Enquirer: 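So that we are looking at the same thing, I have put the structure below in structure tokens.
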Amino acid sequence: MMLALSFFLPFLATCLTYATPLSGRSMIVHERREAIPGGFVSHGLAPKDAVLNLRLALVQSDPAGLEEALMAVSTPSSALYGQFLSKEEVEKFVAPAPQSVAAVSAFLSEHGVTAKPISPAGDWLSIDVTVAQANALFNTEFTTFTHTETGATAVRTLEYSIPADLQGHLDFVHPTTTFPESLNRQPLVSIPLPKGVVPLATQANLSTDAVPASCATLITPACLQALYGIPTTRATQTSNVLGVSGFIDQFANQADLKSFLTSLRPDLLSTTGFTLQTLDGGTNSQTRSQAGLEADLDTQYTIGVASGVPVAFVSVGDSTRDGVFGFLDIINFLLAESNPPHVLTTSYGANENGVSRALANNLCNAYAQLGARGTSILFSSGDGGVSGSQSGTCTTFVPTFPSGCPFMTSVGATTGISPETSATFSSGGFSNFFGIPSYQASTVSAYLTKLGSTNSGKFNRTGRGFPDVSAQGEHVEIFFQGASTTVAGTSCSSPIFASVVSLLNDELIAAGKSPLGFLNPFLYSTGLSALTDVTTGNNPGCNTNGFPATTGWDPVTGLGTPNFAALRTAVGL
Ligand SMILES: *[C@@H]1O[C@H](CO)[C@@H](O)[C@H](O)[C@H]1NC(C)=O
Ligand SMILES: *[C@@H]1O[C@H](CO)[C@@H](O)[C@H](O)[C@H]1NC(C)=O
């Protein structure tokens, strides 16, 4: 499973009228939505005295400079490789120009409104205004909408304007045309262990190279150690934190972790735990019946694989206000830290077409910021094959979010052991929002040439291809609410790959070297030969067979699965 945070059903037609333009400034329509998103109905104009909290994204001073700096510190052949930026250095690229701050402040103060900065670099401002003020500011009519199924109400608009002279200074205003996500909690399927299967730790010899046959139908940490050559020895570097993100009240349970370690990693201390960080009202209830399948999986396959690496569970609560599920909030939260985690793994996602381009760009740029600070950001690619983050009906392929962002590492799923093949649900494809980054240009183009006219017209040939890499994602044994069970999904693959990265970082730091940071420029160059290419399988969806896996990169399994010994050499250890 990868938990889907999906929203935006098909649009319905509608018709709205707008207030006459403000006198004084010439207003220009800035963002517009053709229709009310499906599932929502209008309840008329919002009460004029209701208070709205709006966020203003200011145009960042130098996103191109940030990207250049990110690539310089992440590309092995660069003289600046591994020389990550400080918090202040990153903020210089992101901070809005003084004239942008001045222009937006002057506009707000004409309306008697003052703003407060809410991001470390000052590129996000927050204002509390009445609906009447907001309507006047942005030449719009905020309206009350209700979601017919969930009953959730939201004050939004289908179109707003900004003064023409603020173009180039004010990036966008939120929430306006982005409707609230209706968090779609997947039915969490746990599959009982196959009969007669003995937990692997009691039967495998962890020091042999051979992969036990039982790993074909039951994946445990010992299987991953054998399959990928992952060391069992404990990491030593206390500064080398691996962050595991949690959303939608998925709680990571310590008692389940203890059962897991006792059964499957008896060589580790069964009391090994994680530290907890919270934002947006996040918590981490330890009531066993409230343990989350996803959060248990994510903590067990980091703590249980990245032996000895300190893990931080970062629980994002329900009071997110970023319009992208809290994905932006968690990055700004980590950017504010002086020592953010070296690796962050996330097993949640959505479909790209449900997110506004402006927000997607802003979030992707936040990944560039954290990457420039030296954090590897990994996400599971999604579980719907070419039909999106979860399987669904479609005529054209549905890229997932945020895998289309070129500044993070997307992880697909494999299954089987000799050899590994792609898991059929492994989401992959090409973004409609982001173009092909240079680090993958030649390998993606080679794939497209091989693909020929297959699936022609169903995907965007100029988009960023994903996933980047893959790891096991079926028959994965976890402990959940006190019992052993197996799960499947790219949700398994991201924490497993993240654990490999954290163990490499541990050795790098111990050797006095920098951690890996943003991985892709390395993975697509010197790291390429340290991955095991997965060349069979495909990812069906939308009434097609999806994309075929093949020799070299493919939009099912990416470049392949980790080979720890080879990666160790490739990173210079
Ligand atoms: C496990 O591997 C070690 C080292 O290769 C060997 O000495 C030992 O006999 C093996 N044990 C079993 C049960 O295969
Ligand atoms: C295809 O992807 C590019 C990004 O490379 C984007 O600019 C373009 O809008 C996309 N086309 C469609 C139809 O979404």
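The structure displayed is predicted, hence computed values, not measured ones. Order of listing sets the numbers, starting from 1, for every ligand and every atom in it.
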Enquirer: Could you check Y439 against N520 for side chain to side chain donor-acceptor pair (under 3.5 Å), going step by step and ending with a plain yes or no?
Expert: CA-CA 7 Å; Y439 60 74; N520 297 7; 3.0 Å; yes
Enquirer: In the protein, what heavy atom is nearest to atom 11 (N) of ligand 2, and what distance, to one decimal place, separates them?
Expert: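 For atom 11 (N) of ligand 2, the nearest protein heavy atom comes out as N460 ND2, 2.8 Å.
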Enquirer: In Å and rounded to the nearest 0.5 Å, what is the CG to CG distance from L344 to L370?
Expert: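 Reported to 0.5 Å precision, the distance equals 7.0 Å.
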Enquirer: Using a 4.0 Å cut-off to any heavy atom of G435, which atoms of ligand 2 qualify?
Expert: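 Listed by number with element, the hits are 4 (C), 5 (O).
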Enquirer: Testing Y367, Y348, F497, F466 for ring pair (Phe, Tyr, Trp, His ring centres under 6.0 Å) with F379, which one passes?
Expert: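 The ring pair (Phe, Tyr, Trp, His ring centres under 6.0 Å) with F379 is passed solely by Y367 among Y367, Y348, F497, F466.
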Enquirer: Indicate whether any N or O donor in one side chain lies under 3.5 Å from an N or O acceptor in the other, for S161 and H30.
Expert: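 Judged by distance alone, the side chains do not pair up.
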Enquirer: Taking only non-hydrogen atoms of R357, do any sit less than 4.0 angstrom from ligand 2?
Expert: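 Yes, R357 has a heavy atom closer than 4.0 Å to ligand 2.
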Enquirer: From the options I436, N432, T462, select the one whose nearest heavy atom is closest to atom 14 (O) of ligand 2.
Expert: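 Nearest option to atom 14 (O) of ligand 2, by heavy atoms: N432.
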